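These figures come from a predicted structure and were not determined experimentally.
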Amino acid sequence: MPMGIGNLKNLTILSKFVVGPKKGLQLKELKSLPHLQGELFISELQKVEKVRDAIDANLLRKQGLTKLSLHWDGHFGNLQNHEHVAQVVNSVQPHTNLENLTILNYGGAIFPSWLDSPSYSKIVSLCLWGCPNVISLPQLGQLPSLRELSLEGLHAISMIGPEFYGSKRPFASLTTLEFEEMLAWKDWSHYAGGQEEVPFFCLQHLVVQRCPSLAGTLPCQLDRLIKLEIYSCPHLNNSTSVVCLPSLRELYLEDCNKEILKSLVSLTSLTILKIENLAKLVCFDDGFMSYLVKLKELHIARCSKLSYLWQDGNEMMNLTCLYELVIKSCPQFTSFVAVEGEMELPCNLERMELRDCTSLEKLPSKMHTLKHLDIHECPKLTRETICPYDPNSNDLMSQLEYLQIVGCDALTSFPFAKGRLVALKKLTIWECKGVKSLEEITIKSLEEVTIGNCKNLGCLPKCLHTLSYLTHLQISYCPALEIEDFPPLPVSLSNLILSNCPKIKSIGNCKNLTKLEINGCPALEIEDFPPLFTNLSSLRLSNCPKIKSIGNCNNLTKLEINDCPALEIEDFPPRPITLSYFCLKNCPKIKSLPNQWHHLTSLQGLEINKFQNIKCFPKGGLPHNLQGLLIKGCENMKQLVREWGLPMLTSLKVLSIDLSMGEEGEKVCFPSEEDGEDAWSLLFPSSLIALQMKRMMNVERLSSGFRNHFSSLQHLGFVDCPKLRKLPEDGLPPSLQSLDIWLF
């Protein structure tokens, strides 16, 4: 803290006060600040050496304070003198106007006596965190306005009983109650008052987390509870008592025992049920499922013993509202029902996700309503068990719009897709080693197809051109896919991505293609770019050593060419004025940049990287509307930076520049001191908000004038400037948010 802050006698807002041991930094500095209002966070309270300092702080007279946080350093832990800290916390009693109170890392054995006082009738939020030595709780139930209560890290509390509730109608206003990491807590005693004095009458959200010793049951009367979360409480609900939760809408259970499900009854309002790592859960009990008449979302994860969901299909009849079913990481899950025979999914189920269910052998035979099916890492599913082929049925998955299959190695083909999935719009097949052919993919409704990492895929469907709605086709990491003549593409296709397919030797023509991305296709040889790609708006070529030319592509807005060593351009063809982003990287046979590119009025982003043949920029300078510019690795650039015309780029916001080009970065001082205060304005525009300067190998200091010129600069970086020792003498601009200095 600034020394002597207590001298600011009219101060009204002081959000944080850090206690120090020296005079002028001690807690008693608050004594002379009677007008403080709103929030006050007092930290480092372990540095209060004299209790008198806490008394002199006189928080009791500060009527304007409504939010107070009292914080001790957690690293001191048991080193705190319990008696001393108890005297300190009793002496920082706030005024009764307080509405929010947090006590953090307090090391005493009992909470302050004033917290028991009914006079704190305005407190609405109370957090008691990291108080490991406290052995009992005050009568918090008697705070009449308390709406949010959070107790965390109270490791010495073993029982919560009558002292917690108080004498009459406890917790009359409480809506949110959280218990977290209370390691010794074993017993939660129920309120022993009269029937008319129901505790937690307004409680809507209850969280019990990481209380490993807690046994018994929750309070019996939680009629208004809407959301219940229980995590890592393995012994909770090990009794025969039940808890009625007729208003509960969301239930989250994780790292608990399966018996907890038997104790929660009347879940007739439940819409979301998420279960994770429920020990010994093999399947759901019929009685439990009978309550779930409004359930919309069911998520199950990491239940190692789960074998099936239901004993038979009848238990699903109540689940008429179920919309989404997710099952993840259940290694023994083999089937949805225990009995053999046909099974139909709930009548309104639209989304199903199955992940990492390594024993799952078959899906339900009837999935009429399903619209979204996602299958990941289910290696035992085969072409027959995903959806059995039935020649007498045409609607096995007639409403399915999205199908994603990932990591299903036993899957070899897709007979169920042949003329069946009439509504399917998006198909993704990824990491399916057994797939060799996609000939059965004849779904005319498809709009997007993504195929990737299928190591044995040898051919594409010959009927691609008949998929009249297809707009997006991506094929990636298919090393066995060998294509001499690419099959005809549909006229609807606008986006084509080919990535890391080393045996593809050609691409088809498509006059409506607007985005083309080719990456890591070393066998793809293009002497003359297909003339029908005239509508391209985005072209990205990367690591394609046999591509030797590109077309004019008069409608391009984005052009990116990376690592194409055979692409030879003597005179770069004119670029369309629609171009907004242009990147050239490591193309050694391109010998020039586009002429008259200052006419590219739409160009906003330009990146030139590892371009050894460039010696100077084209006449006319850089495009005037640039907002982002990166130039590096142009080793033969001889044109001085001051001749690039950068100050003319008044819209430029981001600049990353390699200053080993030219001569400026070789001098001891940058920019040259000969230019005086104007040195920076001769090199760079003042509009920059981010500037990165690289490879100033001999520069030791930066010239003055930086602060005034870059009045809007927020981010500044230096990369590989090994001799740089001094920043500008007049300092850096006050707008600066980050400064990064890297040496590789």
Side-chain angles (χ1 to χ4, degrees), residues 1-120 122-123 125-138 140 143 153-154:
M1 296 296 295
M3 292 286 287
I5 201 164
N7 295 326
L8 307 178
K9 299 184 185 299
N10 291 319
L11 195 64
T12 58
I13 303 298
L14 178 63
S15 59
K16 186 173 184 178
F17 184 86
V18 183
V19 177
K22 297 181 180 178
K23 187 177 181 180
L25 299 173
Q26 296 164 341
L27 187 59
K28 63 183 179 182
E29 288 293 310
L30 298 177
K31 177 180 181 179
S32 303
L33 306 177
H35 306 297
L36 289 181
Q37 298 177 9
E39 177 182 0
L40 175 60
F41 184 110
I42 304 177
S43 67
E44 305 292 326
L45 278 166
Q46 75 281 354
K47 294 180 180 177
V48 176
E49 296 178 354
K50 298 178 180 178
V51 175
R52 186 73 231 176
D53 288 352
I55 297 172
D56 289 345
N58 204 8
L59 295 186
L60 189 58
R61 297 294 181 90
K62 300 182 187 345
Q63 301 181 25
L65 287 181
T66 58
K67 185 174 183 179
L68 177 64
S69 296
L70 304 174
H71 183 197
W72 286 258
D73 190 331
H75 292 102
F76 279 77
N78 291 325
L79 297 178
Q80 296 182 33
N81 183 315
H82 295 183
E83 184 177 342
H84 176 72
V85 295
Q87 291 176 343
V88 169
V89 78
N90 273 311
S91 301
V92 290
Q93 179 178 355
H95 191 273
T96 54
N97 285 338
L98 196 69
E99 297 176 5
N100 295 268
L101 174 64
T102 298
I103 298 179
L104 181 62
N105 297 330
Y106 166 63
I110 56 173
F111 282 117
S113 56
W114 49 263
L115 197 53
D116 256 334
S117 173
S119 57
Y120 285 97
K122 295 183 179 181
I123 287 185
S125 176
L126 175 60
C127 300
L128 305 176
W129 296 338
C131 307
N133 301 314
V134 171
I135 57 175
S136 64
L137 293 170
L140 302 179
L143 297 173
L154 309 184

Whether the side chain of Trp114 engages the backbone of Pro94 through a donor-acceptor N/O pair (distance < 3.5 Å, no angle test) should be reported. no
Looking at CD1 of Ile42 and CG of Leu14, how far apart are the two atoms once the value is rounded to the nearest 0.5 Å? 8.5 Å
Check: Lys62 side chain, Ala57 main-chain N or O, donor-acceptor pair, under 3.5 Å: yes
Apply the test side chain to side chain contact (heavy atoms under 4.5 Å, CB included) to residues Asn105 and His71: give CA-CA distance (whole Å), side-chain angles for both, the deciding distance (0.1 Å), then the verdict. CA-CA 6 Å; Asn105 297 330; His71 183 197; 3.4 Å; yes
Heavy-atom nearest pair, Met3 first then Lys23, reads CE-O, 3.1 Å
Gap separating the CG atom of Leu98 from the OH atom of Tyr120, nearest 0.5 angstrom: 7.0 Å
Do Lys122 and Asn97 pass the side chain to side chain contact (heavy atoms under 4.5 Å, CB included) test, and can you show the C-alpha distance, the side-chain angles, and the key distance before you say yes or no? CA-CA 6 Å; Lys122 295 183 179 181; Asn97 285 338; 3.0 Å; yes
Look at atom CD of Gln37 and say whether more than 12 heavy atoms of other residues, nucleotides or ligands are closer to it than 6.0 Å. yes
Shortest non-hydrogen pair, Asp73 vs Gln46, comes out as N-OE1, 2.9 Å
How far apart are the C-alpha atoms of Leu70 and Tyr106, what are their side-chain angles, what is the distance that settles it, and do they pass the side chain to side chain contact (heavy atoms under 4.5 Å, CB included) test? CA-CA 8 Å; Leu70 304 174; Tyr106 166 63; over 6 Å; no
side-chain contact (heavy atoms from CB on, under 4.5 Å) against Ser15, all qualifying residues, sequence neighbours excluded: none
Exceeds 12 heavy-atom contacts within 6.0 angstrom, atom CD1 of Ile110: no
Looking at every heavy atom in both Ala54 and Val88, which two are closest together, and how far apart are they? CB-O, 4.0 Å
All heavy atoms of Ser32 vs all of Gly6, minimum pair found to be CB-O, 3.3 Å
Atom pair CD1/CG of Ile55 and Asp53 - distance to nearest 0.5 Å: 9.5 Å
If we only count heavy atoms from C-beta on, is the Arg61 to Pro34 side-chain gap below 4.5 Å? no
Between Leu128 and Val134, is there a side-chain heavy-atom distance shorter than 4.5 Å? no
Do Pro112 and Gln93 come within less than 4.5 Å of each other through their side chains, counting heavy atoms only? no
Glu49 and His84 have their tightest heavy-atom pair at O-CE1, 3.4 Å
For a side chain to side chain contact (heavy atoms under 4.5 Å, CB included) check, start with the C-alpha distance between Val85 and Val48, then their side-chain angles and the critical distance, and finish with the verdict. CA-CA 9 Å; Val85 295; Val48 176; over 6 Å; no
Between Ser113 and Asn90, a side-chain donor and acceptor under 3.5 Å: yes
From Leu115 CG over to Leu137 CG, what is the distance, rounded to the nearest 0.5 angstrom? 9.5 Å
CG-CG distance between Leu154 and Asn133, expressed to the nearest 0.5 angstrom: 10.5 Å
Leu68 vs Val92 side-chain heavy atoms within contact, under 4.5 Å: no
Any donor-acceptor N/O pair, Glu99 side chain to Ile123 backbone, under 3.5 Å: no
Approximate separation, where rounding is to 0.5 Å, of Ser91 OG and Arg52 CZ: 8.5 Å
To check you understand the geometry: which heavy-atom pair defines the closest contact between Leu25 and Phe17, and what is its length? O-CZ, 3.7 Å
Side-chain (His35) to main-chain (Gly64) donor-acceptor, under 3.5 angstrom: no
